[in-house]
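These notes are about the structure you will find just below.
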Amino acid sequence: MARFRTWVSIALAGVLGASLAGCSSTGGKRAEDAAKAEAAQGRAAVDTPRWTFAMVTHSGDGDTFWDIVQKGAQQAAVKDNIKFLYSHHDEAQQQAQLVDAAIDKKVDGLIVTLAKPGAMKAAVERAVKAGIPVVTVNSGSEKSKEFGALTHIGQDEEIAGEAVGEELNKRGRKKALCVLHEQGNVGHEQRCDGVRESFDGKLINLYVDGTNMPDTQAAIEARLQTDKSLDSVVTLGAPFADAAVKAKEGASSKAEINTFDLNAKVAQGLKDGTLGFSVDQQPYLQGYEAVDLLWLYHYNADVLGGGQPVLTGPQIITEKDADALADYTKRGTR
């Protein structure tokens, strides 16, 4: 029954995603232009009070994934007459301190990631105790309810990993490398565990320092050079796919490069064949829906999900999807 509810959540997220995509069709061009103009002028679509919502993530600097999350949150904030505050730190203790700072500002709502839930537990519970509604996004779905959050928005990382394993099976792959770029991130471990669960071949974990891209590339290249039987590499974030492609070239490997997440460079890689497939968790939706759900909670006491995570993925993206998504990736919403 729990699995059924989560897939209902996926269907709901898909409907939301389709409605966003529809805005970019020829028939919806005027509506999209009007929406852009309204956003640029900072006009709200509602007359509710100007509440303040803060988002605190575990992002490092320069991660394009979180740029997309922010864009979704910011556009929802304009629509909902919300003052939106964003902060981030890739060290869990500092992230927790940023949550404390948001609590001290007496924000009206908090959006937080739980990549390292043990370090975030006390800070999130303090927010809940202070009467601040919390929505968790992206990571930590299994701890969200326990910590007192209203709901979680993101993808089930193990289900996403299983989808990757199944896709590797379809492609006839026998030995894959799963590149983890942030040690201690429970979501990353779950992704690789999910791949291992459904993949008929052998999966090897490779831990790298995601804050140092040259070292990441070198580590992947070294593994591909020493093990020619590797026929697939799976990176856990779009920025690392390019490093894997360069590592493949340096190692003269024939391994297929695949990745989690999507950006303009990944879409181009899918189109030109340098990448096999990507797994999209729709980060724009994660930001947009988090703000929207907090607004709905304040305005109408609504809570989405029925106690289960609201899933925004996974969606396997291949070469056939690249053209359709290219415009969205260029504008920074996919």
Side-chain angles (χ1 to χ4, degrees), residues 1-22 55 57-58 65-66 68-73 76 111-115 117 124 133-167 185-195 197-198 234 236-238 259-262 277-297 302-318 321 325 328 333-334:
M1 180 62 72
R3 180 59 61 90
F4 171 77
R5 287 197 295 265
T6 59
W7 284 110
V8 168
S9 299
I10 288 176
L12 173 60
V15 169
L16 291 168
S19 67
L20 287 170
M55 174 182 280
T57 76
H58 65 277
F65 177 91
W66 293 104
I68 301 172
V69 175
Q70 281 188 75
K71 184 163 287 188
I111 303 160
V112 63
T113 62
L114 301 177
V124 173
V134 177
V135 169
T136 61
V137 297
N138 181 259
S139 54
S141 61
E142 70 285 349
K143 294 294 185 180
S144 177
K145 188 175 182 179
E146 176 186 331
F147 291 0
L150 299 177
T151 193
H152 178 83
I153 302 172
Q155 72 179 3
D156 184 298
E157 302 293 14
E158 288 194 19
I159 291 175
E162 289 171 9
V164 170
E166 291 164 2
E167 185 67 23
N185 186 320
V186 294
H188 290 182
E189 297 285 350
Q190 290 168 344
R191 289 180 182 182
C192 292
D193 288 345
V195 177
E197 180 69 25
S198 61
V234 179
L236 302 186
T259 189
F260 280 77
D261 301 333
L262 184 69
F277 66 88
S278 70
V279 186
D280 187 20
Q281 60 176 302
Q282 302 186 101
Y284 179 92
L285 270 184
Q286 292 179 16
Y288 191 98
E289 290 307 308
V291 170
D292 228 20
L293 291 187
L294 282 175
W295 177 83
L296 284 166
Y297 181 76
D302 288 319
V303 179
L304 196 60
Q308 297 297 316
V310 179
L311 301 187
T312 62
Q315 180 184 7
I316 298 293
I317 304 295
T318 64
D321 307 300
L325 294 175
Y328 305 138
T333 56
R334 286 297 290 268

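The analysis underlying the following values was restricted to heavy atoms, covering all of them including side chains, and did not include hydrogens, waters or symmetry mates.
Distance OG/Ser139 to CG/Leu114: 6.0 Å, rounded to 0.5 Å. In this structure, the separation between OG on Ser141 and CD on Gln155 is 9.5 Å, given to the nearest 0.5 Å. Rounded to the nearest 0.5 Å, atoms CG (Leu294) and CG (Leu150) are 6.5 Å apart. Atom OG1 of residue Thr312 and atom CD1 of residue Ile153 lie 8.5 Å apart, to the nearest 0.5 angstrom. Here the CG atom belonging to Leu311 is positioned 6.0 Å from the CD1 atom belonging to Ile159, to the nearest 0.5 angstrom. With rounding to the nearest 0.5 angstrom, the CZ atom of Phe277 is 12.5 Å from the CG atom of Asp321.
Residues Asp261 and Ser278 form no side-chain contact, since every pair of their non-hydrogen atoms from C-beta on lies 4.5 Å or further apart. Using a 4.5 Å heavy-atom cutoff, the side chains of Val234 and Cys192 are not in contact. Taking the side chain as every heavy atom from C-beta outward, Asn138 and Phe65 approach each other to under 4.5 Å. Between Val69 and Thr57 the shortest side-chain heavy-atom distance does not fall below 4.5 Å. Within the 4.5 Å cutoff, side-chain heavy atoms of Val186 are placed close to those of Glu142.
Under a 3.5 Å cut-off, the side chain of Gln281 and the backbone N or O of Pro314 do not form any donor-acceptor pair. In terms of modelled atom types and a separation under 3.5 Å, the side chain of Thr113 and the main chain of His58 share a donor-acceptor contact.
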Review point. Asp280 and Arg334: side chain to side chain contact (heavy atoms under 4.5 Å, CB included), yes or no, with the steps?
Key: CA-CA 8 Å; Asp280 187 20; Arg334 286 297 290 268; 2.5 Å; yes

Practice item. Report the C-alpha distance between Val112 and Val137 in whole Å, list the side-chain angles of each, state the deciding distance to 0.1 Å, and finish with yes or no for side chain to side chain contact (heavy atoms under 4.5 Å, CB included). Key: CA-CA 6 Å; Val112 63; Val137 297; over 6 Å; no

Practice item. Using the side chain to side chain contact (heavy atoms under 4.5 Å, CB included) rule, take Thr259 and Val279 through it: C-alpha gap first, then chi angles, then the decisive distance, then the call. Key: CA-CA 6 Å; Thr259 189; Val279 186; over 6 Å; no

Review point. Stepwise, does the side chain to side chain contact (heavy atoms under 4.5 Å, CB included) test hold for Leu293 with Asp302?
Key: CA-CA 7 Å; Leu293 291 187; Asp302 288 319; over 6 Å; no

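The nearest pair of heavy atoms linking Met55 to Gly287 is CE-CA, 4.2 Å. What you find for Gly154 and Gln286 is that their closest heavy atoms are CA-NE2, 3.7 Å. Across Ser144 and Thr136, no two heavy atoms sit closer than the pair OG-OG1, 2.7 Å.
With 3.5 Å as the limit, one finds no donor-acceptor pair spanning the side chains of Gln190 and Asp156.
Judged by the 6.0 Å distance and 45° axis criteria, Arg191 is positioned over the aromatic ring of Phe260.
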